[in-house]
**Q** 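Pasting a structure here, questions to come.
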Amino acid sequence: MVRRRVAITGLGLVSPYGGDLADFFTRLCAGESAIRHLLTDDQPRPLSIPFVACPAFDADAALGKPLAAMMDRFAQLGMAAAFDAWDSAGLARTSGDESRDEWGVSWGTALGGTLAYEKGYRELWQRGRERLSPLSVLLGMNNAANAHISIQLGLGGVSTSHTVACASSAVAIGEAFRRVRSGEATIMVTGGSDVPQAYGVARAWEALRVMAPGDAQTSPAACRPFAADRRGLVLGEGGAALVLEDWDHALARGATIHGEIVGYGASCDHSHLVRPEAAGQIRALQAALADAGLAADDIDYINAHGTATAEGDPVEIAALKSVFGERAKTLPVSATKSMHGHLLGAAGAIEAIASVLALRDDVLPPTVNLADNLDPACTGVEHLTVARSGVAPRAALSNSFAFGGSNAVLVFRAVRQ
């Protein structure tokens with residue numbers, strides 16, 4: 001079987017910090033939380049939970065007004081991130097004479113176009129309309145983002161969407177990696193996007209009782225992964241994209257290589273919808289390491305799933321200690337969700353980008369809101385509470401463990417040029 005090396009040649013995002021990649025990582029490593037209490041004007045009743053928004057994102061400016069009008073906000077965020085990743089890869093947006101039949105898209109979204117559907121419900125139930133916009137289905141469908149990316153970039157290869165709750169974009173990246181490694185695709189645009197701020201969606205998450213409380217004063221400290229006083233997760237919107245490329249193809253065109261993706265492991269707990277189990281996560285971790293051909297001692301950083309829930313955090317640490325043994329005690333671990341929030345379908349992708357940048361720039365980002373309050377059930381790994389620089393990490397894992405018991409682990413390796 002063909003096993004080609006897979007280079008990461010493009011990175012792009014729309015995060016709560018904005019759309020600048022360098023600024024995102026600088027602020028992340030500085031321990032700056034982007035979590036704010038979000039209130040909108042059209043809610044029947046105020047929400048008591050914080051959300052992370054992307055207030056600086058202007059879809060019309062990023063995409064052009066005609067294109068933006070054809071998309072729900074989740075697709076707008078995804079398209080903008082994909083454009084940025086594509087441009088950073090040094091690839092032309094128009095195909096010209098080059099065939100792109102082996103270039104494709106693999107995208108993750110947990111929710112799809114919820115704002116479009118909610119707008120339709122309001123039109124029907126509150127305003128008594130008999131007809132909806134003919135664009136309603138096209139705006140709301142889960143594969144809208146990857147369809148638009150394929151159309152705008154002229155990509156004639158596979159175009160798939162992956163809905164695996166909080167692991168959606170990690171699975172999308174893993175499947176894209178496999179297609180390039182096998183030779184089925186030369187280039188894949190991959191990542192994910194989501195916007196959970198639709199009122200009905202927000203109320204549904206609130207009803208699960210897994211959300212951290214917060215107000216305008218305390219929201220930046222609302223998310224506390226691995227802390228004894230953690231209070232739950234904080235949802236947010238965003239989009240993040242990577243360009244994965246056949247290594248030799250990237251070298252031949254002189255592309256800048258930010259890092260290498262070398263492994264992907266997936267599993268299912270097959271036991272409970274919302275209660276994770278270490279055994280399933282262990283299988284995903286072991287599969288990812290085996291796929292990468294790496295041992296536990298080869299890993300120098302882990303970007304944890306780390307949602308700050310009482311059910312999730314101890315299980316993830318137990319899984320890491322089981323897989324890494326004695327190495328776990330000196331294994332740097334951080335949960336960047338403590339700063340950028342839980343971006344659902346974009347979570348795996350934005351944390352993958354944070355992991356790639358940590359390897360590329362030799363800086364490991366921290367978990368904030370975790371100083372002297374570590375949960376005794378979460379001990380046994382080296383929690384980074386401040387950024388660590390000058391460490392020359394060799395390889396990193398990015399964990400995504402989702403509702404439904406679906407687990408995905410990505411492995412990245414540093415490229416020293």
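Just so we're clear, the structure is a prediction, and the values are computed from it rather than from any experiment. Sequential numbering from 1 along the given sequence is applied to the chain's residues.
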**Q** Which heavy-atom pair separates Val262 from Phe177 by the least distance, and what is that distance?
**A**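 Scanning both residues completely, I find the closest heavy atoms to be C-CZ, 3.5 Å.
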
**Q** Given side-chain contact (heavy atoms from CB on, under 4.5 Å), test Val409 with Arg283 step by step and report yes or no.
**A** CA-CA 10 Å; Val409 178; Arg283 287 196 297 276; over 6 Å; no

**Q** Any side-chain donor paired with an acceptor under 3.5 Å for His258 and Thr9?
**A** no

**Q** Would you confirm whether the ring centroid of Trp205 sits within less than 6.0 angstrom of the ring centroid of Tyr199?
**A**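 No, the ring of Tyr199 stays outside the 6.0 Å limit from the ring of Trp205, centre to centre.
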
**Q** Under the side-chain contact (heavy atoms from CB on, under 4.5 Å) criterion, do Trp103 and Leu153 qualify, and how do the steps go?
**A** CA-CA 10 Å; Trp103 300 12; Leu153 299 177; over 6 Å; no

**Q** Hey, is Asp87 close enough to Arg93 for a salt bridge, meaning N to O under 4.0 Å?
**A**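 Result for this pair is yes, salt bridge flagged.
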
**Q** For a quick test of reading the model, state the closest non-hydrogen atom pair linking Tyr301 to Pro365 and the distance between them.
**A** OH-CG, 3.5 Å

**Q** Test side-chain contact (heavy atoms from CB on, under 4.5 Å) on Leu364 and Ser334 and set out the steps.
**A** CA-CA 8 Å; Leu364 309 182; Ser334 66; 6.0 Å; no

**Q** We want to know whether Asn142 and Thr163 form a side-chain donor-acceptor pair, criterion being a heavy-atom distance below 3.5 angstrom.
**A**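 Note: Asn142 and Thr163 side chains meet the donor-acceptor criterion.
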
**Q** Testing the 3.5 Å rule here: is there a donor-acceptor pair between the side chains of His249 and Glu245?
**A** yes

**Q** Identify the two heavy atoms, one from Gly341 and one from Val52, that lie closest to each other, and give their separation to 0.1 Å.
**A**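 Closest pair (atom of Gly341, atom of Val52, distance): CA-CG2, 4.0 Å.
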
**Q** To check you understand the geometry: which heavy-atom pair defines the closest contact between Arg100 and Gly154, and what is its length?
**A** CB-O, 3.3 Å

**Q** Under 4.0 Å between a side-chain nitrogen and a carboxylate oxygen: does that hold for Asp229 and Arg224?
**A**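 A salt bridge is present here (some side-chain N lies under 4.0 Å from a carboxylate O).
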
**Q** Quick check on the 6.0 Å ring-centre criterion: do Phe226 and His383 meet it?
**A**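 Yes, they do, as the ring centres are separated by less than 6.0 Å.
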
**Q** Hey, are Arg327 and Asp300 close enough for a salt bridge, meaning a charged N less than 4.0 Å from a carboxylate O?
**A** yes

**Q** With a 4.5 Å heavy-atom cut-off, do Val201 and Arg203 have their side chains touching?
**A**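 No, too far: nothing below the 4.5 Å cut-off.
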
**Q** Look up atom CZ in Arg5 and atom CZ in Arg413, then write down how far apart they are to the nearest 0.5 Å.
**A**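 So the gap between those two atoms works out to 6.0 Å.
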
**Q** Salt bridge or not for Arg179 and Glu175, using N-O below 4.0 Å?
**A** no

**Q** If you look at every heavy atom in Ala167 and Ala402, which pair is closest and at what distance?
**A**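 Reported closest heavy-atom pair: N-CB, 3.5 Å.
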
**Q** Could you walk me through whether Leu357 and Leu21 pass the side-chain contact (heavy atoms from CB on, under 4.5 Å) check?
**A** CA-CA 9 Å; Leu357 294 177; Leu21 192 71; 4.2 Å; yes

**Q** Using only heavy-atom distances, determine whether the side chains of Ser159 and Asn146 contain a donor-acceptor pair under 3.5 Å.
**A**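 Side-chain D/A pair, Ser159 to Asn146: present.
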
**Q** Using only heavy-atom distances, determine whether the side chains of Thr307 and His305 contain a donor-acceptor pair under 3.5 Å.
**A** no

**Q** Is any side-chain N of the basic residue among Glu382 and Arg388 closer than 4.0 Å to the acidic one's carboxylate O?
**A**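 Salt bridge between Glu382 and Arg388, a charged N being under 4.0 Å from a carboxylate O: yes.
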
**Q** Taking atom types as modelled, is there a side-chain donor on Ser168 or Trp107 under 3.5 Å from an acceptor on the other?
**A** no

**Q** List the atom of Val164, the atom of Ser406, and the distance in Å for their closest heavy-atom pair.
**A** CG1-CB, 3.4 Å

**Q** Does Arg178 come within less than 4.0 Å of Glu184, counting only side-chain N to carboxylate O?
**A**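 Looking at Arg178 and Glu184, the cut-off is not met.
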
**Q** Report yes if some heavy atom in the side chain of Leu13 is under 4.5 Å from a heavy atom in the side chain of Ile353; otherwise report no.
**A**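 Side chain of Leu13 against side chain of Ile353, heavy atoms only: contact under 4.5 Å found.
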
**Q** Are Trp247 and Glu260 side-chain neighbours, meaning at least one heavy-atom pair lies under 4.5 Å?
**A**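 Yes, side chains in contact.
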
**Q** Does a side chain donor of either Asn407 or Asp269 reach within less than 3.5 Å of an acceptor in the other side chain?
**A**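 Checked: Asn407/Asp269 side chains pair up, N/O donor to acceptor below 3.5 Å.
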
